[in-house]
Amino acid sequence: MKANVLTGINQPFIWQEVTTPQPLKGEVLIKIQAAALNHRDLWIQKGQYAGLRFPIIVGSDGSGIVTQVGEGVDETWIGKEVIINPGMNWGDEPAFQSRSFKVLGLPDDGTFAEYVKVPVENVDIKPSFLSWDEAAAIPLAGLTGYRALFTKGGCKAGSTVLISGVGGGVALITMQMALAAGAEVYVTSGDDSKIERSKELGAKEGVNYKINGWHKLLQSAVDGFDVIIDSAAGESAKNFIELARPGGRIVFYGGTQGPITTLNPQKLFWKQLSLLGSTIGTNEEFKAMLSLFETHTIHPVVDAVFKMEEAEQAVRKMEKGEQFGKILLRP
Ligand SMILES: NC(=O)c1ccc[n+]([C@@H]2O[C@H](COP(=O)([O-])OP(=O)(O)OC[C@H]3O[C@@H](n4cnc5c(N)ncnc54)[C@H](OP(=O)(O)O)[C@@H]3O)[C@@H](O)[C@H]2O)c1
């Protein structure tokens, strides 16, 4: 088969011939129909991710057709149209992942290839209302957003939710899920046009986080947030303490802008706030997330589709951060 191979830190993705993986006991081989990019793929290329190994085929998200099964897997899987859950070996504790937890696309070879092999428990039938591209756009972002928003954030109908950096893959899909659940959603973005597009999708209002005092603009529009979902952190995250309602939950699933060094503990405890961390999610959350998409026929936003062999151009586009929605690779 052919695959996008990364040979080292800061090296480009090279589309080249590699050995087609063979499904082992309990695994299935999937012919990829679409794969989606995540910021993780860029962190790995830049060498800013734990547990690097090269050469590696990255890619956590994919949809495709099962073409072969390993020992012990029911042959009726062959020909099934599936969506891949990229989180493996979560373990028995819903509150946190086991030490052997891993995400598809490092350490194991991922979806930026013609074929990928994964354990059969990591595949679910692709919801039929989703295109191949849409199905591939969901898994990592959808699962991360689902756990952050519902399991950790306790979002429900009527909740007032703030989602920062809405142009991000996780952020946008989280906004779609929050809207489907009946929440009132506000957003921030560094790009006014992304705020406008979010409003077209149902967000109530948004502010540009590049404006000095951006949080004051939100404060004048909303009487506090029940749930705040963020992946930037950094200095400006101290404003979330001001923006949260008493009893509010602030959930971080990333820290792109670095540490938060100036939190006001008085406001934190007086307002009875919860600061929470969240990473990916369990198999049960993956199924619940898919069921939410099916119940509300949510179509994830796809920004651009590249040919599979154009992974390098696609990742450079993601690096510029101009996208609104997921960037896809299609064989
Ligand atoms: N813990 C987990 O399980 C998990 C899972 C997935 C991702 N992540 C992490 O979450 C982060 C986002 O991932 P992604 O795949 O969604 O990335 P992405 O699609 O590349 O999106 C990154 C987004 O960050 C936003 N951003 C940049 N500077 C910001 C700031 N100062 N304040 C608020 N937002 C800002 C931008 O939004 P605008 O374009 O709107 O300005 C940008 O689109 C990454 O660090 C990733 O590693 C963690």
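Every number for a ligand or one of its atoms is a count from 1 in the order of the listing.
Judged by distance alone, with hydrogens and angles left aside, the side-chain atoms of Lys194 form a donor-acceptor pair with the main-chain N or O of Gln323 at under 3.5 Å. One N or O on the side chain of Asn264 and one on the backbone of Lys267 form a donor-acceptor pair closer than 3.5 Å.
Under the side chain to side chain donor-acceptor pair (under 3.5 Å) criterion, Asn212 pairs with no residue, sequence neighbours left out. Every ring-ring contact (aromatic ring centres under 6.0 Å, His included) that Tyr186 has, sequence neighbours left out, goes to Phe225.
The immediate protein surroundings of ligand 1, defined as residues with any heavy atom under 4.0 Å of it, consist of His39, Trp43, Thr144, Gly165, Val166, Gly167, Gly168, Gly169, Val170, Ser189, Gly190, Lys194, Tyr209, Ser231, Ala232, Tyr253, Thr256, Gln257, Ser278, Thr279, Ile280, Met318, Gly321, Gln323.
Taking the six-membered ring for Trp and the full ring otherwise, the centers of His215 and Phe240 sit at least 6.0 Å from each other.
Under a 4.5 Å side-chain heavy-atom cut-off, the cluster of Ile, Leu, Val, Met, Phe, Trp and Tyr residues that includes Trp270 is completed by Phe269.
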